[in-house]
Amino acid sequence: MSVRTRFAPSPTGYLHIGGARTALFNFLFARRHGGQYLLRIEDTDRQRSTPEAVQQILDSLAWLGLSPDEPPVFQSQREPRHAAVARELLAKGAAYLAYDTPDELAAQRAEAEAAKRPFKYDGSRWIGMDPAKAPSVAPAIRIKAPREGETVVKDLVQGEVRVAASELDDMIILRSDGTPTYLHAVVVDDHDMEITHVIRGDDHLTNTFRQCMVYDAMRWRRPHFAHVPLIHGADGAKLSKRHGAVGALEFKEQGFLPEAVCNYLLRLGWGHGDTEIIGREEAIRIFDIADVGRAAARMDYAKLTHFNGVYLRAAENDRLTREVLERFAKRGVLFGTDGAARIALLMPDLKERAKTVEELAGAALFALHDGPPAMEPKAAALLTAEAKARLQDLAQFLGDAPWERQDLEQWLRDYADVKGVKLGAVAQPLRAALTGSTQSPPIDAVLFALGRGEAIGRILAAAEG
RNA sequence: GUCCCGUUCGUCUAGAGGCCUAGGACACCAGCCUUUCACGUUGGCAGCACGGGUUCGAAUCCCGUACGGGACGCCA
């Protein structure tokens with residue numbers, strides 16, 4: 001049987017970075033075994049599910065390159081099927097009608113808590129009851145939990161985990177209003193979708209034992225389970241907004257590349273010897289779910305940023321230029337064809353010194369428009385009277401300089417040589433005049449990208465300012 | 001409270017009884033490279049949670065303790 005995995009988020013908000021990692025593992029596992037990777041939207045909570053959230057999830061997955069192999073399944077559309085299975089269980093005698101009201105249950109729970117003993121539901125009085133004598137409240141369907149023995153799950157990540165039957169109680173599978181509960185719906189869906197491996201967050205580990213009741217009662221074969229640890233923030237607490245970016249698309253906004261995010265997420269809680277930089281193809285080849293760590297891992301933005309720098313330097317110049325220009329456009333920063341062309345020219349040098357697309361955009365800004373750049377205080381401080389005289393002189397000679405990148409570099413070295421100064425004494429004032437900053441790509445690259453006219457214009461403006 | 005899971009440098013990890021004087025990466029510090037900033041490169045700092053076993057030998061196996069996380073709903 002072919003391997004089939006699924007990622008099953010509920011559309012109640014943006015796609016969390018932890019969810020993205022779960023999706024990645026499902027994807028990698030399926031690919032590794034030549035199977036399919038599916039998506040199921042668990043939207044049975046009508047109150048909290050929104051179409052916007054569904055779209056967000058789809059967009060996030062697409063950005064990460066984790067779109068499913070088949071159209072997504074919407075759990076809410078499968079409710080008739082969930083109810084049918086519940087009734088089948090009832091007919092088999094594996095489940096029964098329970099006539100408790102929510103108030104009664106709440107009272108029993110409160111009582112147990114007050115007495116400091118664990119609450120365990122007891123529905124024995126409903127089992128085998130004559131419907132004619134039943135209370136006149138709409139009943140819920142509860143599945144009969146095993147009364148003795150223990151349930152054992154061989155989890156691919158957590159190992160063998162066992163829970164005694166005494167820990168399980170008769171769980172509701174169909175509410176009194178006829179809607180299915182989550183734990184029941186998941187089992188029916190996973191079965192019908194022919195899911196062979198359920199890879200999900202370890203917050204579901206104990207739920208697994210409840211779900212097994214449905215599999216076993218229906219005599220369905222249980223899938224393999226793999227419960228991967230959740231991601232925590234830098235302080236070890238559950239990852240939340242206050243830790244920084246958590247929504248997948250937030251990382252895009254902050255200038256991270258999807259391949260860097262995926263690589264980082266893969267390495268978080270999973271290792272393969274000393275290799276750190278692992279591309280998609282390589283990941284598919286070497287990923288093994290059994291190697292995933294059992295402990296929660298902490299999100300480290302500094303390391304993610306480092307990974308991003310690695311992928312940024314490896315990225316195509318055209319792609320990065322496009323990304324940077326898109327950023328400007330989105331922010332309403334106007335630019336002409338000259339600006340776009342200059343950035344394209346500068347990109348090979350720009351990407352060497354940036355860690356995110358956002359930094360790239362910031363570093364490219366000086367080249368976008370004609371005229372003197374915005375001057376940073378540090379750069380302005382560089383423009384001493386001596387430096388200005390130097391610039392004045394430079395502007396004059398630059399008129400005849402050969403305008404090719406290689407030639408410009410040599411020309412500058414020769415110029416410094418002839419004038420008997422260090423190259424730095426020429427390059428730094430020049431850098432300040434051309435970029436308004438003390439740091440930039442190599443000065444010859446800047447000169448070349450700006451073009452002779454623009455470059456000389458800026459130099460003169462700085463020399464006379 | 002009950003049950004389940006976990007614990008190697010600050011962080012992510014390698015480590016399947018002797019290869020461990022515990023390796024790599026990020027971060028941090030110092031040096032080199034250099035036209036600035038980066039990149040690169042060299043070196044440094046820093047860890048097996050604790051206590052008992054088992055064994056000739058334990059980061060690795062067993063048992064406790066401590067600390068963290070998760071689950072206990074007619075939520076998902």
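Quantities reported herein were computed from a predicted structural model and do not represent experimental measurements. Within every chain, numbering begins at 1; the chains are lettered A, B, ... in the order of the sequence lines, protein sequences first and strands thereafter.
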Task: For B:rC26, the Watson-Crick or wobble counterpart (both distances under 3.5 Å) - done: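 B:rG10 is the nucleotide pairing with B:rC26.
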Task: Counterpart base for B:rG64, defined by Watson-Crick or G-U wobble contacts under 3.5 Å - done: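 Result: B:rC50.
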Length of the [atom1]-[atom2] vector between [X] and [N], whole Å:
{"X": "A:H306", "N": "B:rC39", "atom1": "NE2", "atom2": "C1'", "answer": "10 Å"}
{"X": "A:L183", "N": "B:rC72", "atom1": "CG", "atom2": "P", "answer": "8 Å"}
{"X": "A:H232", "N": "B:rU11", "atom1": "NE2", "atom2": "C1'", "answer": "14 Å"}
{"X": "A:D300", "N": "B:rC12", "atom1": "CG", "atom2": "P", "answer": "8 Å"}
{"X": "A:Q439", "N": "B:rU35", "atom1": "CD", "atom2": "P", "answer": "17 Å"}
{"X": "A:D203", "N": "B:rG69", "atom1": "CG", "atom2": "P", "answer": "14 Å"}

- [ ] Quick one: label A:T438 by what it contacts on the DNA or RNA (base, sugar-phosphate, nothing), any heavy atom closer than 4.0 Å.
- [x]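 A:T438: base contact, heavy atoms under 4.0 Å.
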- [ ] Using a heavy-atom cut-off of under 4.0 Å over every strand shown, decide if A:R294 touches base, sugar-phosphate, or nothing.
- [x]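 Sugar-phosphate, no base atom in range.
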Can you find a donor-acceptor N/O pair under 3.5 angstrom joining the side chain of [X] to the base of [N]?
{"X": "A:T181", "N": "B:rC74", "result": "no"}
{"X": "A:Q158", "N": "B:rG6", "result": "no"}
{"X": "A:R353", "N": "B:rC37", "result": "yes"}
{"X": "A:D274", "N": "B:rG23", "result": "yes"}
{"X": "A:R413", "N": "B:rU35", "result": "no"}

Task: Heavy-atom check, side chain of A:R267 versus side chain of A:F307, under 4.5 Å - done: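 Yes; the side chains approach each other to less than 4.5 Å.
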- [ ] Compare all side-chain heavy atoms of A:R405 with those of A:L408 and state whether any distance is below 4.5 angstrom.
- [x]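 A side-chain contact is absent here, since even the closest heavy-atom pair is not under 4.5 Å.
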Roughly how many Å apart are [M] and [N], using the [atom1] atom of each and rounding to a whole number?
{"N": "B:rA46", "M": "B:rA27", "atom1": "C1'", "value": "12 Å"}
{"N": "B:rU60", "M": "B:rG17", "atom1": "C1'", "value": "7 Å"}
{"N": "B:rU13", "M": "B:rU7", "atom1": "C1'", "value": "14 Å"}
{"N": "B:rG47", "M": "B:rG24", "atom1": "P", "value": "15 Å"}

Task: Residue-level proximity of residues 143-154 of chain A to RNA chain B when a heavy atom falls under 4.0 Å - done: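 Going residue by residue through residues 143-154 of chain A, none turns out to have a heavy atom under 4.0 Å of RNA chain B.
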